[in-house]
Amino acid sequence: MYPYRPLTLAALVRPRRGSSTEQAGFSLIELVVVILILGILGGMAWPTILNQVARSKQARALHAIGAMSRAQHSFFHEQSRFSGSIDELGFSYLNQSDTDYQYSVTPVDSRTTTIVANPADSTLLGYTGVVFVDRDGEQIFTLASLVCAGYHYGAPPQPKIETTPYGQVEVINCNRL
């Protein structure tokens, strides 16, 4: 039989050659340099991350305006008028669930309505959708819509809507998307 000898950690670790007072590890200067490099890389990436977050919020607002514009088209075909409120269109949940934008629907006249996405944060662009009945050169009426992006952060654009003597609708002061 073999004699029993307990296994110890010291027996598994081979002793170093040279001085027994030498220790392995990183110096304080090496750690500071690594932390400094990580801080610089993080500082360069942070604005990009924030920009992507803002773009995501703005894309959600554009999607909401597009959906409400299509709903206005359907509402007009069924009722022969534009909806006067976000509740009537069935989008009232947006103002309760989306904390980044406040949405509203405002009829301009019997042939035009606007859909506004007003940002709650001054780092976001505002948007205004315009839905209107247009008359082409052959006097045929069509429903049309467009979206205007804000010129300044934190506020929606305020396009000016004019009707020509021929019944065509012109949207002025609109940064069209």
Looking at every non-hydrogen atom in both residues, tell me the closest pair between [X] and [Y] and how far apart they are.
X      : Y      : answer
Gly150 : Leu125 : O-CD2, 3.5 Å
Cys148 : Pro157 : O-CG, 3.3 Å
Phe91  : Ala71  : CE1-CB, 3.6 Å
Pro119 : Ala155 : CG-N, 3.8 Å
Thr113 : Ser83  : OG1-O, 4.1 Å
Pro159 : Cys174 : CB-CB, 4.3 Å

Set of salt bridge (Lys or Arg N to Asp or Glu O under 4.0 Å) partners for Asp121, sequence neighbours left out
none

Salt bridge (Lys or Arg N to Asp or Glu O under 4.0 Å) partners of Glu170, counting only residues at least two apart
none

Determine, using the 4.5 Å side-chain heavy-atom cutoff (strictly less than), whether [X] and [Y] are members of one ILVMFWY cluster.
X      : Y      : answer
Leu36  : Phe26  : no
Val131 : Val116 : no
Leu124 : Tyr127 : yes
Leu28  : Ile37  : no

Hey, is [atom1] on [X] packed in by over 12 heavy atoms from elsewhere, all under 6.0 Å?
X      : atom1 : answer
Leu41  : CG    : yes
Gln158 : CD    : no
Tyr151 : OH    : yes

Linked hydrophobic residues, [X] as query - side chain contacts closer than 4.5 Å:
X      : answer
Leu38  : Val34
Ile35  : none
Val108 : Val130, Phe132, Leu146, Ile161, Val169, Val171

Quick check for you: to the nearest 0.5 Å, what is the distance between [X] atom [atom1] and [Y] atom [atom2]?
X      : Y      : atom1 : atom2 : result
Met68  : Ser104 : CE    : OG    : 8.5 Å
Arg81  : Glu88  : CZ    : CD    : 4.5 Å
Gln58  : Tyr101 : CD    : OH    : 4.5 Å
Thr106 : Phe82  : OG1   : CZ    : 13.0 Å
Ile65  : Tyr103 : CD1   : OH    : 7.0 Å
Thr163 : Arg111 : OG1   : CZ    : 5.5 Å

Close side-chain approach of Val133 to Phe76, heavy-atom, < 4.5 Å
yes

Could you go step by step and tell me if Met44 and Ile40 meet the side chain to side chain contact (heavy atoms under 4.5 Å, CB included) rule?
CA-CA 6 Å; Met44 289 172 27; Ile40 290 171; 4.1 Å; yes

Pair Thr112-Asp109, side chain to side chain contact (heavy atoms under 4.5 Å, CB included): steps then yes or no
CA-CA 5 Å; Thr112 310; Asp109 56 29; 3.3 Å; yes

Can you list the steps and then say if Ser145 with Gln72 is a side chain to side chain contact (heavy atoms under 4.5 Å, CB included)?
CA-CA 10 Å; Ser145 58; Gln72 282 285 26; over 6 Å; no

Side chain to side chain contact (heavy atoms under 4.5 Å, CB included) assessment of Ile115 paired with Ser69
CA-CA 8 Å; Ile115 303 164; Ser69 294; 3.7 Å; yes

Tabulate below the donor-acceptor pairs under 3.5 Å that side-chain atoms of residues 46-56 make, not counting sequence neighbours, or state none.
none

